[in-house]
Amino acid sequence: MTDNAPQQQTDLPSAWNPADEEAAIYQRWVDAGYFTADAQSDRPPFTIVLPPPNVTGSLHMGHALDHTLMDALTRRRRMQGYEVLWLPGMDHAGIATQNVVERELANEGVSRHDLGRERFVERVWEWKAEYGGKILDQMRRLGDGVDWTRERFTMDEGLSRAVQTMFKRLYDDGLIYRAERIINWCPRCHTALSDIEVEHSEDEGELVSIRYGEGENAIVVATTRAETMLGDTGVAVHPDDERYAHLVGTDIELPLTGRRIPIVADEHVDPEFGTGAVKVTPAHDPNDFEIGRRHDLPMLSIMDERATITVPGPFEGMDRFEARPAVVAALREQGRIVAEKRPYLHAVGHCSRCDTVIEPRLSLQWWVSVEPLARAAGDAVRDGRTEIHPPELAKRYFEWVDNMHDWTISRQLWWGHRIPVWYGPNGETVCVGPDERPPGGDGWHQDPDVLDTWFSSGLWPFSTMGWPEDDDAATLAKFYPTTVLVTGYDILFFWVARMMMFGLYAMDGRQPFDHVFLHGLIRDANGKKMSKSRGNVIDPIDWMDRFGADATRFTLARAANPGGDMALAEEWAAGARNFCTKLWNASRFAMLNGATVANPLPATAELSEADRWILGRLGTVVSEVDELLEGFQFAKAANLLYHFTWDELCDWYLELAKVQLSGERAEGTRAVLGHVLDAVLRLLHPFVPFVTERLWTALTGGGSLTVARWPGRALDEDGLRLPAADPVADARIGDVQKLITEIRRFRSDQGVKPGQRVATRLSGPGFTDLTGHEDAIRSLARLTAPDDEFSATASIEVGLAAGMVHVELDTSGAIDVAAERKRLQKDLAVAEKELRQTEGKLGNQAFLDKAPADVVDKIKVRRDTAAAEIVRINARLAALPGS
RNA sequence: GGGCGCAUAGCUCAGCGGAAGAGCACCUGCCUUACAAGCAGGGGGUCGCAGGUUCGAACCCUGCUGCGCCCA
């Protein structure tokens, strides 16, 4: 080793304490600029835009999963030599943020109206400066390798210009329009909501049947919202329904109001449901709205924005839930209640932000005409420009984009991007672009509403890169389209479809991402959805505190099968923590024993079979992990590494290495040990970046794993030169393992203490073949060589690929015959079952005729082996004392 | 009501045509100088039910039952 060579630091603490080191390691990465993307780079780009978390939010387990996967993807690509951009930021969450600040104001005894719009918006900015973006610090703890120099916020000036530009373009193209329609209204947030901001649940309500009219002309209608009858402007029946044919075209008196309303025939009425007649409230129900339109019925609004009844009379001023029983009581008094079903289970829409029951309401709103946009969004996936993983979920995507309703984008809020439309004194409507002066003068005013937050989030993949300005053209040119979007399948519709529509439209048909990877949802240990009301929420910060960021990440990665939900519990995290500890201790052992990465690996001929075996296995694992990660198979890749590290490297190679280190092969062993460990740390780095960074820099003296080369496929070459799998070494080490395991089993059955050395004579053709491994076998099975006094008290036989091995042991005492008989009988039962199964197959002529020859041969070998085992074991049993 | 998905060890899940697997939990013995956050050994499953296809089915097909999700 020359003076200039990187120095190994062997001063590792005896235990890994994540809390002591993670923050400093992260800061070093950021300071070194490893996460900063260079738009001028010659390297091929790899881009992910972070689904922007809500400015009011904090990191929950769903984010932790999402971020772990994105971090794993970007870290691996960075190591492979890509120019990686992972772009962070937040969205302004119109309703949620406004709610938070309004609550704060309420504590001070004022409303936003007291403050006025301008001052209120200032307050929101002040709130954001003070409390917003907590989640960004939590992302640092998790280790997210995002480019902080490019952090964005949807309300920033640049992104606001993007919003205005997009609005103007869509408006000019006739894809944005204003119309009076039924919308989902939240009476608490006082705003319109789009369909996807409404959550449906099966709620208990009531179904009340009301008789309209008298005698032969009476019609019974049923409703779950009795109070809406005040706004009825018709009754509808199916045109073919003979029960009501004579009434169609007549009118009927609407109880409590004295109004007369027509009876109309409409195809959309289901004659099978209830009485086959429905009340029609066009201003308060989307279906009724359509019926009303077809039959030209009046649209009578009966509630204000707080869902309080506005119809003059006894119900005026009542909340809708107060009015409901009041109206029923009044009807009952008139003897008009024919039936009541209570409780009655039915689907009720709730505001996704505050859970208030949605009130369908007729109102004037701005809309995006989604048909052409949605078609393009569907086509991009249909023709393969954007690939959805796992592919089964593409169906759901199509279902959504192919049946999308127009999108209500105006919100009756103050926090958000204000609609850039001005109205003139003579009914003029002017849409203003970002560099245009709005019309001034008397009577002109801007639309008071703001845009749906998703409108600005939909622009995220390119607005964050400078669109539509030119200054940042290099970023956009280099990093758009983004490579992959990672998100939960639950927001496929919310966000993915919106971005697809806007990206394709704004970027001349270029899709916002080449791949969409959808992961599952986080659940608790019993597979139940985590929710505050269930009280089963696990806080990722708590896990990071107690188990470390790496353990938290590894737990999530190990559970992340594509498209599948994942159950989590503390035990899982503890297991991942244990794995990190194992890795730490194994690395410490290697370094304390002089593992080296500076020297080249000895030539194959110089290596032991154990060396060749572990190197071959490493080569296989590297290519498998590479393949799995290429296909977003995070759980399989993480589990493969877990088992290779623990079961093969630690449980076997390290133990075999101990033997080699005290012999002639010490130098080569150090090189192999260092080499394998180096590669394992690199492979694990995307999942557990902190502990691997600490260990790898100590082992190699290198700068940072963040920018170390990936052991698998890299951009410039095929990756680390790893020996191919070595079948001879595999077979030999496999035999060594089997022999050791069998001896251990015998010892355990015989009650020999693990620490006790047992004098043993090894012989037989199988052993002759393993002579080079005698030291290893004696060491791992705790055996000593027989001396002159040797006198075997027990013996076993172990069948290996290389032949039978006779193991004679001096247990210095009587053997437990019962235990030995039990052991042999168990082996016998296994062999007999095997013989039955194989003979069954081989006795079937159809099997011999039709099964492939290699399968038949394999079965024959198994049959022969089993038959021989039975003979051997029976002989052993017969030879036991007392038989 | 329409559509999709899932039923494999006590729990959570892999496996998806040719010998039933993992993690955790469980039992036994061990502080064997990297590691008790560990080591060694072990027990545990007619792969939801009923048919069918096949030489061969946990795996493919049909039906049933039970759960879950999305949409209306």
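Within every chain, numbering begins at 1; the chains are lettered A, B, ... in the order of the sequence lines, protein sequences first and strands thereafter.
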Check every strand shown and say whether A/Asn403 touches a base, only sugar-phosphate, or nothing at a heavy-atom separation below 4.0 Å.
nothing
Quick one: look up who B/rC24 pairs with, Watson-Crick or G-U, both distances under 3.5 Å, and put none if it's unpaired.
B/rG10
When all nucleic acid strands are considered with a 4.0 Å heavy-atom cut-off, which category describes A/Glu399: base, sugar-phosphate, or nothing?
sugar-phosphate
Quick one: label A/Glu655 by what it contacts on the DNA or RNA (base, sugar-phosphate, nothing), any heavy atom closer than 4.0 Å.
base
Would you say A/Asn578 places a side-chain N or O within less than 4.0 Å of OP1 or OP2 belonging to B/rG38?
yes
Is the shortest side-chain N/O distance from A/Lys753 to OP1 or OP2 of B/rC30 below 4.0 Å?
yes
Compare the minimum distances between each of B/rA19, B/rC24, B/rG18 and the side chain of A/Val855, then state the nucleotide with the smallest one.
B/rG18
Strictly distance-based, threshold 3.5 Å: is any side-chain N or O of A/Arg577 a donor or acceptor partner for the main-chain N or O of A/Phe547?
no
At what distance, to the nearest 0.5 angstrom, does CG of A/Leu65 lie from CE of A/Met566?
4.5 Å
Of A/Phe579, A/Trp696, A/Phe554, A/Trp16, which meets side chain to side chain contact (heavy atoms under 4.5 Å, CB included) against A/Val691?
A/Trp16
Taking the same atom, P, in B/rC30 and in B/rC24, what whole-Å distance lies between them?
22 Å
Does any nucleotide pair with B/rU54 by Watson-Crick or G-U wobble geometry, both distances under 3.5 Å, and what is it?
none
Any strand, both distances under 3.5 Å, Watson-Crick or G-U wobble: B/rG5 pairs with B/rC67
Taking any heavy-atom pair under 4.0 Å as a contact, classify A/Asn844: base, sugar-phosphate, or nothing.
sugar-phosphate
Does B/rA19 have its OP1 or OP2 closer than 4.0 Å to a side-chain nitrogen or oxygen of A/Arg862?
yes
Just checking A/Leu568: base, sugar-phosphate only, or nothing, at a heavy-atom cut-off of under 4.0 Å?
nothing
Counting the atoms with a prime plus P, OP1 and OP2 as sugar-phosphate, which does A/Lys826 contact under 4.0 Å by heavy atoms, base, sugar-phosphate, or nothing?
sugar-phosphate
Fit a plane to each ring of A/Phe517 and A/Phe634, take the angle between them on a 0 to 90° scale, and name the class: parallel (under 30°), tilted (30 to 60°) or perpendicular (over 60°).
perpendicular
Does the side chain of A/Trp400 get closer than 4.0 angstrom to OP1 or OP2 of B/rA72 through an N or O atom?
no
Quick check against the 3.5 Å criterion: does A/Ser779 have a side-chain atom that pairs as donor or acceptor with the backbone of A/Asp775?
no
note: A/Asp816, atom CG; B/rG41, atom P; distance rounded to Å ~ 19 Å
Go through B/rA34, B/rG18, B/rG3 for me and flag the one nearest to the A/Lys658 side chain.
B/rA34
